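One structure below.
For ligands, and for the atoms within them, numbers begin at 1 and follow the listed sequence. What you are looking at is a predicted structure, and each value in this text was computed from that prediction instead of being measured.
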Amino acid sequence: MAGAADVILAIIGVGGVGKPFLKQLTKITARLAKSPSNPVFVKVVYLARSQTALYDRDSYKQVDLQYWEQELAARGTSPLSPSEVAEFLTKYPQSGHRIVVDNTSDPTVAAEYPTFIRQGISVVTPNKKAFSGPLALWESIISVAQNGRNESGKGGYIYHESSVGAGLPIINTLTDLLVTGDEVRKIEGVFSGTMSFLFNQFMPVPGAGKGMDFAAAVKIAQQSGFTEPDPRDDLNGMDVARKLVILARISGMKLELEGIPIQSLIPNELESCASGAEFLEKLHEFDSRMDELKASAEKDGKVLRYVGSIDVISGESKVGLQRFDPSHPIGGLKGSDNIINFYTKRYGSKPLTIQGAGAGGDITAMGVSADLLRVIRLTCTR
Ligand SMILES: NC(=O)C1=CN([C@@H]2O[C@H](COP(=O)(O)OP(=O)(O)OC[C@H]3O[C@@H](n4cnc5c(N)ncnc54)[C@H](OP(=O)(O)O)[C@@H]3O)[C@@H](O)[C@H]2O)C=CC1
Ligand SMILES: N[C@@H](CC=O)C(=O)O
Ligand code: NA
């Protein structure tokens, strides 16, 4: 078949984001295979959860995207380490671009992105750890990726749109601003779907109801798939700080996570909880503290919202609670909406604003699927 190409795919992580990603992938693979001029055949040869994986070292049998769950239960074996996944993909006996989709939040998988990329394997992920972890890891990734600093044409590609604002076009927009020569001065807004949901529920604008107890809202946020695998990573402000670090580094700053002042919403007494489950169980005991903050803001006619900002010129950044007028765009956010304002030279004093749901399985998976298609277009289109 003229112009036909193969894509060899390894998928690591099939949880709240990974499952809807697989559903989207099923439709995408069917569509790509039917292209009359440039059919692309996506072959999933590795699929892993934390304790079990589907792959065949000898036959490279493809994973059935419809029955993967049953197959995993019936014939799953121990997962490969990330470097073994790289070797497994590299040894696949036919040509075709190799791609790893990392749908975990595991820093040990993230630490191996340079290993994948150096071997020409592209990485697509919503996992924030590699881009907001040690600066050296970030530098290493962007120095080897084709779409990184050198555009050397040798390594694989890296795309991680869903690591900020889930499926919202945040990273693509920032990249477009920068590559076309705009000067980004400040980025601010609500970066957490969980925090947005919590404060919209706990302290709605006047006239929109009394509001829910804080700990009860946290449980709903978790059940709705908005939180990180461990909800403490949202409540301690780290998730927002990670997103700011990612945007700051793309903007050219050499920022480390430790450089951001972060207001944690975890009560001191719960810092030592052994698990996220224990934390969730005990959080309601501290609802009165949140109620006090709420009452004080209410007295001044304000609402509380959890925001982050980074001043690219001065290098100042912060993450925490702020009071807003109920009529302010941040005060009036709904659901799990993020709102992100880019202040740039071209846009002047009125920022470029992106707003919409910023957490949840389907919309995060959408960002991952779109990134995957981006890599396929770059590598398989004749
Ligand atoms: N949920 C959201 O709204 C958003 C999430 N993200 C990011 O998406 C990623 C996934 O989040 P989410 O799906 O909610 O998390 P989940 O906890 O629901 O799923 C994580 C999956 O990764 C698997 N996993 C963890 N470690 C490993 C490992 N070392 N090897 C193989 N598999 C592993 C887990 O295995 P097991 O099934 O065995 O537990 C699980 O299948 C995170 O990085 C998160 O920050 C980004 C934007 C929004
Ligand atoms: N836990 C995160 C998920 C997306 O990044 C959030 O609530 O925003
Ligand atoms: Na995004």
Side-chain angles (χ1 to χ4, degrees), residues 10-22 46-55 68-69 72-73 76 78-82 84-85 100-112 124-133 159-175 189-199 218 221-244 246-247 250 276 306 308 335-340 354-368 370-371:
I11 298 168
I12 309 179
V14 271
V17 174
K19 282 182 184 163
F21 166 74
L22 286 180
Y46 181 84
L47 181 139
R49 305 180 78 139
S50 61
Q51 308 302 322
T52 173
L54 273 179
Y55 62 98
W68 66 269
E69 228 161 345
L72 202 53
S78 289
L80 299 171
S81 70
E84 288 169 334
V85 172
V100 169
V101 178
D102 171 20
N103 283 326
T104 76
S105 61
D106 189 340
T108 64
V109 179
E112 297 296 335
V124 166
T125 184
N127 183 350
K128 300 154 197 125
K129 298 288 164 58
F131 319 107
S132 57
Y159 282 99
H160 56 103
E161 177 56 81
S162 281
S163 65
V164 181
L168 294 176
I170 306 298
I171 290 179
N172 280 313
T173 302
L174 176 58
T175 307
V190 171
F191 292 85
S192 163
T194 298
M195 291 294 205
S196 182
F197 177 83
L198 292 182
F199 284 94
V218 175
Q222 193 202 30
Q223 286 153 8
S224 307
F226 299 156
T227 66
E228 291 305 291
D230 185 334
R232 290 176 293 182
D233 291 337
D234 295 288
L235 273 286
N236 64 11
M238 286 300 279
D239 180 73
V240 173
R242 285 188 184 282
K243 289 166 180 164
L244 284 183
I246 295 171
L247 298 181
I250 293 172
Y306 197 90
S336 65
D337 273 13
N338 284 184
I339 182 168
I340 294 170
I354 298 171
Q355 179 177 345
D362 278 339
I363 56 176
T364 305
M366 178 271 280
V368 179
D371 277 348

Answer yes or no: is there a donor N or O on one side and an acceptor on the other, between the side chain of [X] and the main chain of [Y], under 3.5 Å?
{"X": "Lys129", "Y": "Ala110", "result": "no"}
{"X": "Glu161", "Y": "Gly167", "result": "no"}
{"X": "Ser105", "Y": "Asn127", "result": "no"}
{"X": "Tyr46", "Y": "Ala53", "result": "no"}
{"X": "Asn338", "Y": "Gly356", "result": "no"}
{"X": "Thr194", "Y": "Phe226", "result": "yes"}
{"X": "Thr173", "Y": "Pro169", "result": "yes"}

For atom 2 (C) of ligand 2, the protein heavy atom that lies nearest, with its residue and separation: Glu228 OE2, 3.2 Å
Please walk me through it: do Glu228 and Lys128 pass salt bridge (charged side-chain N to carboxylate O under 4.0 Å, His left out)? CA-CA 11 Å; Glu228 291 305 291; Lys128 300 154 197 125; 2.9 Å; yes
Rounded to the nearest 0.5 Å, what separation is found between the [atom1] atom of [X] and the [atom2] atom of [Y]?
{"X": "Thr125", "Y": "Asp371", "atom1": "OG1", "atom2": "CG", "value": "9.5 Å"}
{"X": "Asp239", "Y": "Asp234", "atom1": "CG", "atom2": "CG", "value": "5.0 Å"}
{"X": "Ile354", "Y": "Ile340", "atom1": "CD1", "atom2": "CD1", "value": "7.0 Å"}

Among Thr175, Ile250, Leu247, exactly one meets side-chain contact (heavy atoms from CB on, under 4.5 Å) together with Ile170. Which residue is that? Leu247
Which of the atoms of ligand 2 are close to [X], meaning less than 4.0 Å from one of its heavy atoms?
{"X": "Gly358", "answer": "4 (C), 8 (O)"}
{"X": "Lys243", "answer": "2 (C), 4 (C), 5 (O), 6 (C), 8 (O)"}
{"X": "Lys128", "answer": "4 (C), 5 (O)"}
{"X": "Gly193", "answer": "6 (C), 7 (O), 8 (O)"}

Ligand 2 contacted by Ala166 (non-hydrogen, < 4.0 Å): no
Between Asp106 and the options Thr108, Asn103, Thr104, the side-chain hydrogen bond (donor to acceptor under 3.5 Å, both in side chains) test singles out Thr108
Min N/O separation Ala359 to ligand 2 under 3.5 Å: no
Backbone, side chain, both or neither: what part of Thr227 comes under 4.0 angstrom of ligand 2, heavy atoms only? backbone
Which part of Asp234 is near ligand 2, with near meaning a heavy atom under 4.0 Å away: side chain, backbone, both or neither? side chain
Every residue of the protein that comes under 4.0 Å of ligand 1, judged on heavy atoms: Ile12, Gly13, Val14, Gly15, Gly16, Val17, Ala48, Arg49, Ser50, Asn103, Thr104, Ser105, Asp106, Val109, Pro126, Asn127, Lys128, Ser162, Gly225, Glu228, Pro229, Ala359, Gly360, Thr364
Do you know how many protein N, O or S atoms are within a distance smaller than 3.0 Å of the Na ion (ligand 3)? 5
Fit a plane to each ring of Phe199 and Tyr306, take the angle between them on a 0 to 90° scale, and name the class: parallel (under 30°), tilted (30 to 60°) or perpendicular (over 60°). parallel
